[in-house]
Amino acid sequence: MEKYRETKTTADWNGMIHKLCKNRLYMGILLLTAVCAYGYKVTNVTIGIDDTPSLYYFEEGLIAIVGRWVLFLLNKVITLAEFVPFVTDFAAVILLIAAAIVWSALFYSVFGEKIPVTGYAFFAAVFVSCPLISEVFTYFLHNGIAIGYLSCAVSLCFMREWQNSMRKPRKGSGLWEKPDCRTVTKLAAAAVFLWIAMGCYESFMILWLAGLLLLLLSERICLGTERTARTGERGVFGTLAGGALAALAAVLLRSLMIVVLTKAFHLEYLQGEAVQRSVTEMLGWMVQPGAFGELIMILKRTFVLYGVFAYAYLPIRIFVLSAVVITVVTLVRVIRGRDLWALILLPVTYLAAFSLLFIEGKATLYRSAQFLPIFCGYGALLFAYIIYELTGSPGRGVHRRLCLGTRGIAVAVLAVITWNQCMDMTKWFYIDRQKYDAAVKTVDQIALDLERDFDTSKPVIFTGNYEIPYSIIKDAYVSYGDSRYYKMKRLTDLIDPDLLDKYNRGSKGVWVAQTPALSVIDWGRYAFDSDAELVRFFEMHGHRLVACGDIDRYAEAEEESLNLPEYPQDGYIVDKGEYIIVHF
């Protein structure tokens with residue numbers, strides 16, 4: 001591949017992407033990884049959380065009210081609102097592959113041929129196969145994450161274009177003076193694509209900011225001392241200032257888009273039913289009494305989720321290993337190049353990655369951690385970089401064999417990581433399928449009992465809590481007798497003796513994987529303040545029931561069912577005259 005040139009234009013991005021796509025090794029590794037990671041999911045249909053209210057989201061417009069406008073408008077052009085398996089899953093995988101290629105081109109624009117094509121291939125493979133993506137991929141339309149990843153990458157490409165344009169000498173007192181119209185256009189384009197990414201899922205703002213900082217950190221890592229001095233303080237501050245302008249423009253565009261769509265499609269009546277996700281509303285927790293104590297607990301929980309759980313959850317383990325690689329490579333750069341900026345950018349990058357916890361006032365859920373797959377891929381990329389740097393001149397004889405052997409071992413390590421991620425991803429998708437089959441079996445049995453012995457024209461209220469068979473979801477927990485539990489307990493006890501207990505779930509153990517442990521039946525029982533979504537789940541499997549529209553009845557039914565037998569025991573269904581209780 002051709003070496004990166006600082007004076008490149010936008011057309012060079014097309015050249016880099018074209019070279020990646022033409023490289024058989026790169027595309028072979030990426031496509032094979034995608035097939036292994038997502039093949040089972042694409043070919044095995046399930047109906048899960050957020051699948052049943054798809055019309056409510058996309059036809060009525062609930063999703064637009066919360067700022068996720070991209071899929072809402074896309075539904076006006078192509079059919080998305082109806083539950084369509086395979087097609088949407090397959091399209092998402094294709095878009096993820098495209099996103100991986102653009103992200104690879106982004107880092108190639110910094111490292112160039114200092115990293116072999118194998119390194120870029122495993123960056124893409126580790127990113128695409130990160131099992132944490134399975135936490136969100138089982139939701140309907142996957143919350144638009146594939147479009148979001150691609151839009152974020154394109155936005156950062158424009159930021160790189162803007163950055164390089166501003167570094168060229170121009171009229172004024174020095175660098176970073178008097179940007180021309182084309183330079184401003186690049187910054188505006190970066191803001192627009194970030195706006196699109198945020199219109200899929202709000203957490204892409206976090207990924208974008210962390211990605212921008214990773215690019216700056218990459219420059220410090222791979223560039224020589226003389227070049228680093230020329231792109232020092234002013235270069236970093238200038239890029240961050242431009243990034244702040246693009247981010248502010250994207251946030252304002254998002255707020256404006258919500259207002260426009262609300263007025264254009266008359267969605268005002270939905271505002272009371274949606275959780276508004278504006279930044280100012282989410283930041284409200286900071287002014288509440290006890291906010292500092294709450295922040296300390298949030299930080300502790302984040303330490304557990306993104307550190308301690310590495311003992312039991314593969315994507316977190318890969319994330320921690322990547323963090324070690326990134327830290328070591330950066331510190332080597334700091335020591336050898338006496339580069340203070342690299343030392344500053346390293347913690348700032350991770351602070352940006354976890355900044356959502358300060359905004360939301362809670363530890364970031366795995367399904368919102370879009371930054372993590374990119375960081376895992378970046379760790380693989382730096383691992384390839386440092387191995388290539390150490391073995392850059394193989395020489396002859398024993399030295400040559402040693403260098404080539406080291407490279408071969410590095411490739412084997414990355415291949416093992418990718419294989420294990422694909423296996424883990426498939427495991428979670430298989431568990432999702434097992435949960436679905438168990439849910440279908442349950443609703444079929446309940447429907448049979450209702451249709452045989454009761455008047456199904458009456459409203460049905462579901463009470464109690466549905467328990468997914470533990471044999472299906474046991475991998476989402478760590479049992480109390482497991483050696484991993486004691487390792488995690490010893491680590492958390494150093495901070496807070498009760499910290500790990502907050503993730504205990506009765507006899508099941510410690511809850512480590514989040515989405516795999518959730519049930520569509522239990523969610524449908526209380527979604528949108530009624531069990532209408534659970535009734536829809538019955539309908540999607542051929543059973544027509546009537547949901548109770550009187551919200552006040554639910555509290556009454558819960559009280560009435562306290563002493564009822566639980567499904568599937570005799571008497572778990574009771575006719576109360578005006579409605580029927582089905583008790584889990």
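Scope of the values below: all heavy atoms of this structure, side chains included, with no hydrogens, waters or symmetry mates.
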Is the Tyr503-Phe309 ring centre distance short of 6.0 angstrom? yes

Test side chain to side chain contact (heavy atoms under 4.5 Å, CB included) on Asp51 and Phe537; report intermediate values, then the result. CA-CA 9 Å; Asp51 289 337; Phe537 187 79; over 6 Å; no

Nearest 0.5 Å please: distance from the CZ atom of Phe371 over to the OG atom of Ser355. 9.0 Å

Residues 506-521 vs salt bridge (Lys or Arg N to Asp or Glu O under 4.0 Å), sequence neighbours excluded, gives Glu467-Lys508

Sorted by chain and number, sequence neighbours left out, salt bridge (Lys or Arg N to Asp or Glu O under 4.0 Å) with Asp482 holds for Arg484

On a heavy-atom basis, which atom in Thr302 and which in Ala363 lie closest, and how many Å separate them? OG1-CB, 3.7 Å

Once side-chain hydrogen bond (donor to acceptor under 3.5 Å, both in side chains) is applied, do any residues pair with Ser104, and if so which ones, sequence neighbours excluded? Tyr26

Donor-acceptor pair, distance only, cut-off 3.5 Å: does the side chain of Thr88 make one with the backbone of Pro85? no

Can a donor-acceptor pair be found, under 3.5 Å and without considering hydrogens, that links the side chain of Trp511 to the backbone of Ala513? yes

If you look only at pairs with a residue in residues 140-153, which of them pass as a side-chain hydrogen bond (donor to acceptor under 3.5 Å, both in side chains), with sequence neighbours excluded? Asp89-His142, Asn143-Tyr201

Please determine whether side chain to side chain contact (heavy atoms under 4.5 Å, CB included) holds for the pair Phe86 and Val45, giving the CA-CA distance in whole Å, both sets of side-chain angles, and the decisive distance to 0.1 Å. CA-CA 7 Å; Phe86 181 79; Val45 180; 5.7 Å; no

How about Asp498: does its CG atom have over 12 heavy atoms from other parts shown lying under 6.0 Å from it? yes

Around atom OH of Tyr430, are there more than 12 heavy atoms from other residues, nucleotides or ligands closer than 6.0 Å? no

Within the side chain of Tyr480, is there an N or O that forms a donor-acceptor pair under 3.5 Å with the backbone of Asn504? no

Judged by atom type as modelled, is there a donor-acceptor pair below 3.5 Å linking the side chain of Thr426 to the main-chain atoms of Cys36? yes

Interatomic spacing from CG in Leu305 to OG1 in Thr364 - rounded to 0.5 Å: 8.5 Å

Would you give the length of the straight line joining atom OG1 of Thr330 to atom CD1 of Ile221, rounded to the nearest 0.5 angstrom? 4.0 Å

Regarding Asp432 and Thr138, is there a side-chain donor-to-acceptor distance under 3.5 Å anywhere? no

For Tyr554, ring-ring contact (aromatic ring centres under 6.0 Å, His included) partners two or more places apart: none

For the student: nearest non-hydrogen atoms of Ala353 and Ile206, plus distance: O-CG2, 3.2 Å

Val110 and Cys222: side chain to side chain contact (heavy atoms under 4.5 Å, CB included), yes or no, with the steps? CA-CA 8 Å; Val110 180; Cys222 78; 3.8 Å; yes

Correct closest heavy-atom pair for Val512 and Val478 would be CG1-CG2, 4.0 Å

Would you please classify the geometry between the His541 ring and the Tyr436 ring as parallel, tilted or perpendicular, with 30° and 60° separating the classes? tilted

Apply salt bridge (charged side-chain N to carboxylate O under 4.0 Å, His left out) to residues Glu202 and Arg68 and explain how you reach the verdict. CA-CA 8 Å; Glu202 304 82 21; Arg68 299 173 186 174; 2.9 Å; yes

Donor-acceptor contacts, no H, no angles, side chain residues 377-389, under 3.5 Å, sequence neighbours left out:
from: Tyr378; atom 1: OH; to: Ser218; atom 2: OG; distance (Å): 2.7

Residues passing the side chain to side chain contact (heavy atoms under 4.5 Å, CB included) test with Pro568, sequence neighbours excluded, are none

Nearest heavy-atom neighbours spanning Pro315 and Cys376: O-SG, 4.1 Å

Considering only heavy atoms from C-beta outward, does the side chain of Ile145 approach that of Phe204 to under 4.5 Å? yes

To the nearest 0.5 angstrom, please state how far the OG atom of Ser54 sits from the CE atom of Met540. 6.5 Å

By the salt bridge (Lys or Arg N to Asp or Glu O under 4.0 Å) test, which pairs, at least two apart or in different chains, include something from residues 406-426? Asp424-Lys427

Are the side chains of Tyr572 and Val582 in touch, meaning some heavy atoms are under 4.5 Å apart? yes

Please give me the minimum heavy-atom distance between Val334 and Leu343, naming the atom from each residue. CG2-N, 3.6 Å

Who pairs with Glu533 by salt bridge (Lys or Arg N to Asp or Glu O under 4.0 Å), at least two apart in sequence or on another chain? Arg536

With side chains defined as the heavy atoms from C-beta onward, is the minimum distance between Phe584 and Asn465 less than 4.5 Å? no

Quick one: closest heavy-atom pair of Ala100 and Ala124, and the distance? CB-CB, 3.9 Å

When rounded to the nearest 0.5 angstrom, what is the spacing between OH in Tyr311 and CZ in Arg490? 7.5 Å

Under 3.5 Å: donor-acceptor pair, side chain of Lys435, backbone of Leu518: yes

Could you check Val325 against Leu321 for side chain to side chain contact (heavy atoms under 4.5 Å, CB included), going step by step and ending with a plain yes or no? CA-CA 6 Å; Val325 172; Leu321 291 174; 5.7 Å; no

Restricting to pairs with a member in residues 513-524, which pass salt bridge (Lys or Arg N to Asp or Glu O under 4.0 Å), not counting sequence neighbours? Asp522-Arg525

Is Ile101 close to Met27 at the side-chain level, that is, under 4.5 Å between some pair of heavy atoms? yes

A side-chain contact here means heavy atoms from C-beta on lying under 4.5 Å apart; do Tyr366 and Tyr306 qualify? yes

So do the side chains of Gln370 and Leu132 get within less than 4.5 Å of each other, counting heavy atoms only? no

Would a 4.5 Å heavy-atom cut-off, applied to side chains only, mark Asp475 and Trp428 as touching? yes

Using modelled atom types only, decide if a donor and an acceptor are shared between the side chain of Gln514 and the backbone of Glu135 within a distance under 3.5 Å. no

With rounding to the nearest 0.5 angstrom, report the OH to OH distance, Tyr477 to Tyr470. 8.5 Å

Among residues two or more places apart or on two chains, list those pairs meeting salt bridge (Lys or Arg N to Asp or Glu O under 4.0 Å) that have a residue in residues 297-318. Lys300-Asp496

State whether the side chain of Ser530 and the backbone N or O of Ala532 hold a donor-acceptor pair below 3.5 Å, judged by distance alone. yes

Asp437: what forms a side chain to side chain contact (heavy atoms under 4.5 Å, CB included) with it, not counting sequence neighbours? Arg433

Are the side chains of Leu240 and Leu213 in touch, meaning some heavy atoms are under 4.5 Å apart? yes

